[in-house]
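Let me give you the structure first, and then I'll get to my questions.
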Amino acid sequence: MLRNGLEPWHLLIVAIVIIVLFGSKKLPEAARGLGKSLRILKSEARAMKTDADTAVPAGEAVER
């Protein structure tokens, strides 16, 4: 049934449907919002990774 997967004309039809549904005025605004969200997600993931790298391993006790 789906031997070839997505072909270029499938993507063109999806793009046309999105433009018709949302209109050309809302698409740039939606793209900006998506870009901001991705940047925030990326920075939070990077912060979590650096926090995990600097954290004390569970097996080691902290001496005071």
Quick one: side chains of residues 13-26, donor-acceptor pairs under 3.5 Å with protein atoms, not counting sequence neighbours, listed by atom name and distance.
none

| said: Can you list everything that forms a side chain to side chain contact (heavy atoms under 4.5 Å, CB included) with R39? Sequence neighbours excluded, please. | reply: K36
| query | To the nearest 0.5 Å, what is the distance between CD (E44) and CG (D51)? | reply | 9.5 Å
| query | Heavy-atom distance under 4.5 Å between the side chains of L38 and K42, does that happen here? | reply | no
